[in-house]
Student: 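I'd like to ask you about the structure that follows.
First listed ligand is number 1; within each ligand, the first listed atom is number 1.
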Amino acid sequence: MVKVIDGRRLAEGLRPNLLRRGQAVAERRGAPPGLAVILVGNDPASAVYVRNKIRACEAVGIRSACLRFPESIGNADLLETIANLNADPGIDGILVQLPLPAHIRLDQVLEAISVQKDVDGFHLYNVGGLVTGNTIFSPCTPYGVVKLLESENIPIEGQNVVVVGASNIVGKPMALMLMARGATVAICHAKTRDLAQFTILADILVVAAGVPNLIIGQMVKTGAVVIDVGINRLADGCITGDVDFNGVSAKASRITPVPGGVGPMTVTMLLENTIASAERALAHQQSHAAPDIPQFQRA
Ligand SMILES: Nc1nc2c(c(=O)[nH]1)N[C@@H](CN(C=O)c1ccc(C(=O)N[C@@H](CCC(=O)O)C(=O)O)cc1)CN2
Ligand SMILES: [Mg+2]
C-alpha cells in the first residue's frame with residue numbers, strides 16, 4: 001500500500017521552530033530577519049507564488065518587502081535595486097522571482113545578488129558550492145526534497161536515484177545534493193532515449209520535467225519512492241504534476257502529490273534560508289571575526 005507524503009503537513013511542522021529562531025534573531029539584534037522579493041512583470045503564477053512567500057514570511061516573523069516592477073524595467077535599474085538591497089543591513093535575503101522578461105540579463109541579475117543574501121541559492125558561488133561542498137544557501141526546491149526524504153526517514157546513501165529533468169533550479173542541483181549524500185545518481189532529460197530503461201532502476205525517482213503524466217506505472221520499480229516536482233497548469237485551471245499519480249501509486253512505496261507535496265516545502269526552505277542568513281549575520285556581527293565567506297557585492 002503506497003504512502004502519500006503530505007508535504008503541507010511536513011512544511012507546517014517545521015514552522016514553529018522557524019518562528020522561534022526568527023524571534024530569537026529579533027530579540028538579539030532588535031530587528032527581525034528581512035527578505036526582499038523582486039517581482040518583474042505580470043505573470044499570474046509568479047504573482048501567486050510571491051504572495052504565498054510573503055504570507056509564509058508573516059507566519060514565522062520574517063519582515064518581507066515585495067518590490068514590483070513593470071515588464072519594461074531596464075537591466076541597469078534592476079541591478080541598481082539589487083545593489084541597494086545588498087547594502088541594506090535590514091535585508092538578510094534577496095530573491096528575484098523567475099521567470100524574468102527576455103530582455104533582462106538573468107546571469108547578471110543573479111550574480112549581482114550578494115552571496116550572503118542569496119537565499120534562492122542561484123548565485124554562481126552557491127551553485128559551484130554544490131560541487132565543492134562550500135555552498136552557503138541551497139536552492140529551495142531541491143533542499144525541500146532532501147528535507148522531505150529526511151523527515152520520512154528515507155535513506156539516501158547507497159540508493160539508486162534517477163532525476164528526470166536537468167534544469168538549473170531543480171534537476172542539476174538536486175542531483176548534486178543527493179550525490180553529496182551518497183546516492184548513485186543518473187540525470188535524464190529531454191534528449192534521453194528510452195526514459196523507462198533508467199527510471200525502472202530508481203529506488204528514488206525525482207521528476208522535474210514539466211510534462212504532465214510523463215511517468216506512468218510501468219516505468220517505476222515496485223517499492224520505489226517517487227517525488228513529483230512538476231507543476232503543470234491544465235486548461236481547466238487545475239494543477240497536476242509530472243507523474244500519473246494513480247498508476248504510479250500502484251507500484252510505489254511512497255509518493256508525493258501535486259499540489260501538496262514538494263511545493264510547500266520549497267516555500268519553507270526559503271524561510272529556513274532567510275532565517276539562517278540572519279543568524280549568520282548576527283553571529284558575524286557579534287564575533288567581529290573576518291568573514292568566512294567571500295564578500296561579493298557588499299557595500
Ligand atoms: N526565484 C525563484 N523563482 C522560482 C522558483 C524558486 O524557487 N525561486 N521556483 C518556481 C516557483 N515557485 C517558487 O518560486 C513555487 C512554485 C510552486 C509552489 C507551491 O507551493 N505549489 C503548490 C501549488 C500552488 C498552486 O496552487 O498554484 C503545491 O505544489 O502544493 C511553491 C513555489 C519557479 N520560480
Ligand atoms: Mg534573458
Student: To check your reading of the model: name the closest protein heavy atom to atom 4 (C) of ligand 1, its residue, and the distance in Å.
Tutor: Q97 NE2, 3.5 Å
Student: What's the shortest distance from atom 5 (C) of ligand 1 to any protein heavy atom, and which residue and atom give it?
Tutor: I169 CD1, 4.1 Å
Student: Run the salt-bridge test on D107 and R105 with the 4.0 Å N-O cut-off and return the result as yes or no.
Tutor: yes
Student: For atom 31 (C) of ligand 1, grab the closest protein heavy atom and report residue, atom and distance to one decimal in Å.
Tutor: G263 O, 3.6 Å
Student: Before accepting this row, confirm whether a basic side-chain N of the pair K147/E272 lies closer than 4.0 Å to the acidic partner's carboxylate O.
Tutor: no
Student: Considering G260, G241, C140 one by one, which has a heavy atom nearer to atom 28 (C) of ligand 1 than any of the others?
Tutor: G260
Student: Just verifying a value: how many Å separate L78 CG and I73 CD1, rounded to the nearest 0.5 Å?
Tutor: 4.5 Å
Student: May I have the list of side-chain donor-acceptor pairs in residues 179-191 shorter than 3.5 Å, sequence neighbours left out?
Tutor:
residue : atom : partner : partner atom : Å
R181    : NH1  : M177    : O            : 2.9
H189    : ND1  : K191    : N            : 3.3

Student: Which residue supplies the protein heavy atom nearest to atom 32 (C) of ligand 1, what is that atom called, and how far is it?
Tutor: T266 CG2, 3.9 Å
Student: Which donor-acceptor pairs under 3.5 Å do side chains of residues 39-52 form with protein atoms, sequence neighbours excluded?
Tutor:
residue : atom : partner : partner atom : Å
D43     : OD2  : S46     : N            : 3.0
D43     : OD2  : S46     : OG           : 2.8

Student: Within a distance under 4.0 Å of any heavy atom of F122, pick out the atoms of ligand 1 and give their elements.
Tutor: 1 (N), 2 (C), 8 (N)
Student: Could you state the interatomic distance from OG1 (T256) to CD1 (I227), rounded to the nearest 0.5 Å?
Tutor: 5.0 Å
Student: How long is the straight-line distance from CD1 of I91 back to NZ of K117, given to the nearest 0.5 Å?
Tutor: 7.0 Å
Student: Check ligand 1 against I239 and write out every atom of the ligand that is under 4.0 Å from a heavy-atom position of the residue.
Tutor: 25 (C), 26 (O), 27 (O)
Student: What about V96: any of its N or O atoms under 3.5 Å from an N or O on ligand 1?
Tutor: yes
Student: What are the atoms of ligand 1, with element, lying closer than 4.0 Å to any heavy atom of I231?
Tutor: 16 (C), 17 (C)
Student: Nearest to atom 23 (C) of ligand 1, what protein heavy atom do you find, and at what distance?
Tutor: P259 CB, 3.8 Å
Student: Quiz question for you: does at least one protein heavy atom lie closer than 4.0 Å to atom 10 (C) of ligand 1?
Tutor: no
Student: Just to confirm my output: which protein heavy-atom neighbour is closest to atom 14 (O) of ligand 1, and how far is it?
Tutor: K53 NZ, 2.7 Å
Student: So how far is it from D118 CG to I113 CD1, rounded to the nearest 0.5 Å?
Tutor: 5.5 Å
Student: So is there a nitrogen or oxygen of D120 less than 3.5 Å from a nitrogen or oxygen in ligand 1?
Tutor: yes
Student: For atom 34 (N) of ligand 1, what is the closest protein heavy atom, and at what distance to 0.1 Å?
Tutor: L98 O, 3.1 Å
Student: Of all the atoms in ligand 1, which lie at a distance below 4.0 Å from a heavy atom belonging to R233?
Tutor: 27 (O)
Student: What's the spacing between T141 OG1 and L270 CG if we round to 0.5 Å?
Tutor: 10.0 Å
